[in-house]
Amino acid sequence: MMDQPTSCDDCRLWREADHRIANHLAMLAAFVRLKELEIDRERVTPEAVHLLLETIRTQTDAVASLHRMLSAQGADAAADLARHLQATCTPLAALLAGRVEIGVECSPDCLVTPDKVLPVTQIVSEAVTNAVKYAYQDGCEGKIHVRGRKDGASVVVEIADEGPGLKSGLDPRFGGGLGLRLMRALSKQLGGELEFVSKSSGLVVRVTFPAGLNSNGAQAPRR
């Protein structure tokens, strides 16, 4: 039996999906290269290696999920950020169980365009990893809170720990290591604003970015 001819609409859907996913895979490859540099420069614990591998796995799963969504819905797809944040943090929480608790709270109306998902979840993964590395080092126990909410046409995602905050003299807007540089670059890619609120009671990493959707949940026109 011969295959049914493919419609032009189907071709457009597949081309859109292929284009977006190619970009996401390139981002993921760049992330892996940066992490390779970080491993070369620093002493890395087995826990940090496990977290890195789990992060790469969850990001790969996210790309696969987005490909399925784009193939089915095309350019008008809207991604549920709450689901992706949960999918990113749950495996990391399982690795850290008994030492660091990771809680995720995200309002159900946090819908974003598919191109926002990977940069946001990479920022979250990096902030969580940094919190484990610096706020809860040497086996210390604690909590990390990941929160997402809508703010008009924008989305706000916060990652908060209960550690000592940033070290004295560090300006996270310009300084820091590869992790901070990566978060700044990802925030710029989102067209967003990255903030660091550091207190003796902990550090809050906050990224605010446009959802890319109009009030009806469809993608807003690009200018």
Side-chain angles (χ1 to χ4, degrees), residues 13 16-17 19-21 23-24 27-28 31 54-55 57-94 101-131 143-162 182-197 202-223:
L13 284 175
E16 177 73 16
H19 173 71
R20 297 284 185 93
I21 297 310
N23 289 341
H24 279 71
M27 286 176 54
L28 186 54
F31 171 78
E54 198 60 50
T55 296
R57 187 191 67 78
T58 58
Q59 297 299 320
T60 304
D61 285 346
V63 172
S65 174
L66 289 170
H67 190 276
R68 288 190 292 270
M69 180 196 310
L70 288 166
S71 296
Q73 302 176 34
D76 293 328
D80 180 359
L81 188 59
R83 183 172 67 84
H84 286 285
L85 290 179
Q86 195 69 56
T88 297
C89 293
T90 297
L92 303 181
E101 178 184 342
I102 303 176
V104 180
E105 300 176 19
C106 187
S107 57
D109 60 347
C110 276
L111 300 177
V112 299
T113 50
D115 59 303
K116 309 288 186 184
V117 172
L118 196 61
V120 173
T121 54
Q122 284 184 333
I123 289 173
V124 170
S125 296
E126 192 63 32
V128 167
T129 301
N130 282 348
K143 295 182 179 180
I144 299 172
H145 307 275
V146 178
R147 306 182 182 97
R149 58 182 172 84
K150 283 291 295 295
D151 183 10
S154 298
V155 171
V156 181
V157 175
E158 295 182 340
I159 308 94
D161 64 50
E162 299 171 353
L182 175 62
M183 286 192 281
R184 291 195 294 264
L186 291 167
S187 175
K188 186 176 180 180
Q189 182 174 339
L190 286 167
E193 179 183 3
L194 186 65
E195 302 172 86
F196 296 83
V197 181
L203 173 67
V204 178
V205 178
R206 180 185 301 120
V207 59
T208 305
F209 60 95
L213 302 172
N214 59 30
S215 59
N216 296 321
Q219 290 202 26
R222 298 179 181 179
R223 296 181 179 180

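The first residue in the sequence is number 1, and the count goes up from there.
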Would you name the heavy atoms of [X] and [Y] that are closest together and state the gap between them?
X      : Y      : answer
Ser187 : Ile123 : N-CD1, 3.8 Å
Ala82  : Ser107 : CB-O, 4.3 Å
Pro114 : Ala79  : CA-CB, 4.4 Å

What residues, two or more places apart in sequence or in another chain, satisfy side-chain contact (heavy atoms from CB on, under 4.5 Å) together with [X]?
X      : answer
Cys89  : Ile102, Val104, Val124, Val146
Thr208 : Ser154, Val156, Glu195, Arg206
Asp61  : Arg57
Lys188 : none

- Does any non-hydrogen side-chain atom of Asn130 lie less than 4.5 Å from one of Leu203?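 With C-beta onward as the side chain, the pair stays apart.
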- Leu81 versus Val157: any side-chain heavy-atom pair under 4.5 Å?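 Yes, their side chains come closer than 4.5 Å.
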Enter the distance from [X]:[atom1] to [Y]:[atom2] here, rounded to the nearest 0.5 Å.
X      : Y      : atom1 : atom2 : answer
Phe209 : Thr113 : CZ    : OG1   : 8.5 Å
Leu186 : Arg184 : CG    : CZ    : 11.5 Å
Asp109 : Arg149 : CG    : CZ    : 11.0 Å
Cys110 : His84  : SG    : NE2   : 12.5 Å
Glu158 : Glu105 : CD    : CD    : 11.0 Å
Thr55  : Leu92  : OG1   : CG    : 4.5 Å

- Query: Gln86: what forms a side chain to side chain donor-acceptor pair (under 3.5 Å) with it, not counting sequence neighbours?
  - Reply: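 Expected list: Thr90.
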- Message: Thr121: which residues meet the side chain to side chain donor-acceptor pair (under 3.5 Å) condition with it, sequence neighbours left out?
- Response: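 With neighbours one apart ignored, the set is Gln59.
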- Item | Main-chain N/O of Glu54 paired to Thr58 side chain as donor or acceptor, under 3.5 Å |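 Checking the backbone N and O of Glu54 against the side chain of Thr58, a donor-acceptor pair under 3.5 Å is found.
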- Check whether any side-chain N or O of Lys116 sits under 3.5 Å from a backbone N or O of Ala211 as a donor-acceptor pair, and report yes or no.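 Not a single qualifying donor-acceptor pair exists.
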- Query: Among all residues two or more places apart in sequence or in another chain, which pass the salt bridge (Lys or Arg N to Asp or Glu O under 4.0 Å) test with Glu162?
  - Reply: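 Counting only residues at least two positions away or on another chain, Glu162 forms no salt bridge (Lys or Arg N to Asp or Glu O under 4.0 Å).
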- Task: Sequence neighbours left out, what passes salt bridge (Lys or Arg N to Asp or Glu O under 4.0 Å) with Arg147? Give chain and number order.
- Result: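 Expected list: none.
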- Message: Counting neighbours of NZ on Lys150 that are heavy atoms of other residues, nucleotides or ligands and sit closer than 6.0 Å, is the number greater than 12?
- Response: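 Atom NZ in Lys150 is crowded, with more than 12 foreign heavy atoms closer than 6.0 Å.
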